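Please read the structure below before turning to the comments.
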Protein chains: 2
Amino acid sequence: MSTDKQFYKEHPTFHVAVDSIIFGFDQGELKLLIHKRKFEPAKGEWSLFGGFVQQGESLDEAANRVLFELTGLEKIYMEELQSYGEADRDPAGRVISVAYYALIPAKEFIEAGNSKYGATWVSVKDLPPMIMDHGVMVKKGLRRLKRRAASQPIGFELLPGEFTMPQLQSLYEAIYQEELDKRNFRKKILAMDVLIKLDRKDKSSSRKGAFLYRFDQKKYKKLVNGGYNFTI
Amino acid sequence: MSTDKQFYKEHPTFHVAVDSIIFGFDQGELKLLIHKRKFEPAKGEWSLFGGFVQQGESLDEAANRVLFELTGLEKIYMEELQSYGEADRDPAGRVISVAYYALIPAKEFIEAGNSKYGATWVSVKDLPPMIMDHGVMVKKGLRRLKRRAASQPIGFELLPGEFTMPQLQSLYEAIYQEELDKRNFRKKILAMDVLIKLDRKDKSSSRKGAFLYRFDQKKYKKLVNGGYNFTI
DNA sequence: AATATAAGTGTTATACTTACACTTAAAACT
DNA sequence: AGTTTTAAGTGTAAGTATAACACTTATATT
């Protein structure tokens, strides 16, 4: 702090915020978690979950803290998306915002939506108007999700620890917004050799029941380190 | 400014910097433009081109301004890469830095390196130690370049307006760090149908001379808008 | 006229991707 | 107990894209 002032004091400082684009998957639909803004200005309007970076915390730490404070969600998949720094993006003052995108699995999905925090899930196909540049951030987040899903098995982050092939396929269909052939889909996914088939079935969506699988983190890491590159 | 204080004044503010990872291509090598830092602390050590965001300018504007001030380069390809916000990343004080990556064509390449600004080109295969987290930023920039080069015809940004097939191939070989088959390379590039073959030759590197091409921006945009996706 | 050098060109084999339809397991109903 | 209903599960063949491979050509230099 004292050195800060010593070297850089002639330069201006700015409020820095983090905003999280939180995707979830449920009932065959890809959804976004938003809430009504809790503070002025624009209090009560639809907003991503955001807050200001505090002294002594990194951007990643701030993003995780804000998310936890506003939704109770912890230890979820999160990565930086892009910074937004237009001088007039926030009408209430100069704020530079770092957008994060986050994926949460179905188990936590329900709780977050029903919580005391006033969070709401909206379908990405029918987004309400959001404050400032949050709509732009979401579009960018969706593009990133599509790209990531195609080249990394990121979809698994959006599912519970155990899932069925039809569920996984339905997730990818929601991300790409197109129907996939189930034979080809299974072939590709299984060819990656990162899934473990369990001998139990999930019977919630059919009489026959669908076998459960889980993602094999170890095999995946081995593949990635070996230079292998996924494409779904 | 006054509204800023009104609404957000309880939150801390930070110095925000931009740092540019500038790639160039020359003599068959992919290179990075760096310089010796002009101010304390760590004055005289190898550094990316960076500076502080000023009041009233966006991050993009700051990145372009800083680059121009330090290298004289203007209107070059630039995009945001990632933000770096660890609390202790700069030993002299809290600074949040937004890294940009930039590509400059061969024509401007030479000038930038020989300039009054003290800029130096170093091979990406043999990078010197750099201040703070600049080495990490460069690694990230290289990964981005590789990925972008594979899916967008971004390589053209690194070449002069007119170039030959052997030059283009050599650029891709430098980016991927592997040799490519020239027949297959030509086939793929030409199949994209975004190059215009000129009837002139460049004879600087062979007696026979190689035909010059230029990139057709219009055709490219048409393809991209039509949903086409490149892969080299 | 001969030589040296990099540019330029096609084909075949292999791998990957896409399209496509029937069988099976199990609960629910009669 | 047998029949019906529903989603899960499975294989093959055609088409497309990728990868491997070697000789000819244009031109400056000697």
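Just so you know, these numbers come straight off a predicted model, no measurement behind them. Numbered from 1 within each chain, the chains take letters A, B, ... in sequence-line order.
- Counting any heavy atom pair closer than 4.0 Å across all strands shown, T164(A) reaches no nucleic acid atom.
- Using a 4.0 Å heavy-atom cutoff across all strands shown, K201(A) reaches sugar-phosphate atoms only and no base atom.
- Remark: C1' of dC22(C) and CG of D181(A) are 14 Å apart, rounded to the nearest angstrom.
- Out of dA19(C), dA26(C), dT17(C), the shortest distance to the side chain of K203(A) is found at dA26(C).
- Using cut-offs of 30° and 60° for the angle between ring planes, the F109(B) and W121(B) rings count as parallel.
- Residue K182(B) is in base contact, counting any heavy-atom pair closer than 4.0 Å across all strands shown.
- At a cut-off of 3.5 angstrom, counting only N and O atoms as typed in the model, there is a donor on one side and an acceptor on the other between the side-chain of R207(A) and the base of dT5(D).
- Judged by atom type and distance alone, R183(B) reaches the base of dA22(D) through a side-chain donor-acceptor pair under 3.5 Å.
- Taking the side chain as every heavy atom from C-beta outward, S170(A) and F25(A) approach each other to under 4.5 Å.
- Straight-line distance from the CD atom of E179(A) to the C1' atom of dC20(C): 15 Å, rounded to whole Å.
- One interatomic measurement links the two molecules: OH of Y213(A) to P of dG9(D), which rounds to 6 Å at whole-angstrom precision.
- Taking the six-membered ring where tryptophan is involved, the planes of F156(A) and F215(A) are essentially parallel, since the angle between them stays under 30° and well short of 60°.
- If you check distances only, the side chain of K208(B) never reaches the base of dA26(D) with a donor-acceptor pair under 3.5 Å.
- Rounded to a whole Å, the CZ atom of R200(A) is 18 Å from the C1' atom of dA8(D).
- Salt bridge annotation for R65(A)-E61(A): absent, with no cationic side-chain nitrogen under 4.0 angstrom from a carboxylate oxygen.
- Whole-Å rounding puts the N184(B) CG to dA15(C) P distance at 16 Å.
- Atom CZ of F163(B) is separated from atom P of dA7(C) by 15 Å (rounded to the nearest Å).
- Following rounding to the nearest Å, D202(A) (CG) and dG9(D) (P) show an atom-to-atom distance of 10 Å.
- With the nearest nucleotide of DNA chain D identified for both S205(A) and L190(A), S205(A) has the one nearer the 5' end.
- With the nearest nucleotide of DNA chain D identified for both G209(A) and S206(B), G209(A) has the one nearer the 5' end.
- The separation between R186(A) atom CZ and dC16(C) atom P is 21 Å, rounded to whole Å.
- A donor-acceptor pair under 3.5 Å is absent between the side-chain atoms of H134(B) and the main chain of S47(B), judged by distance alone.
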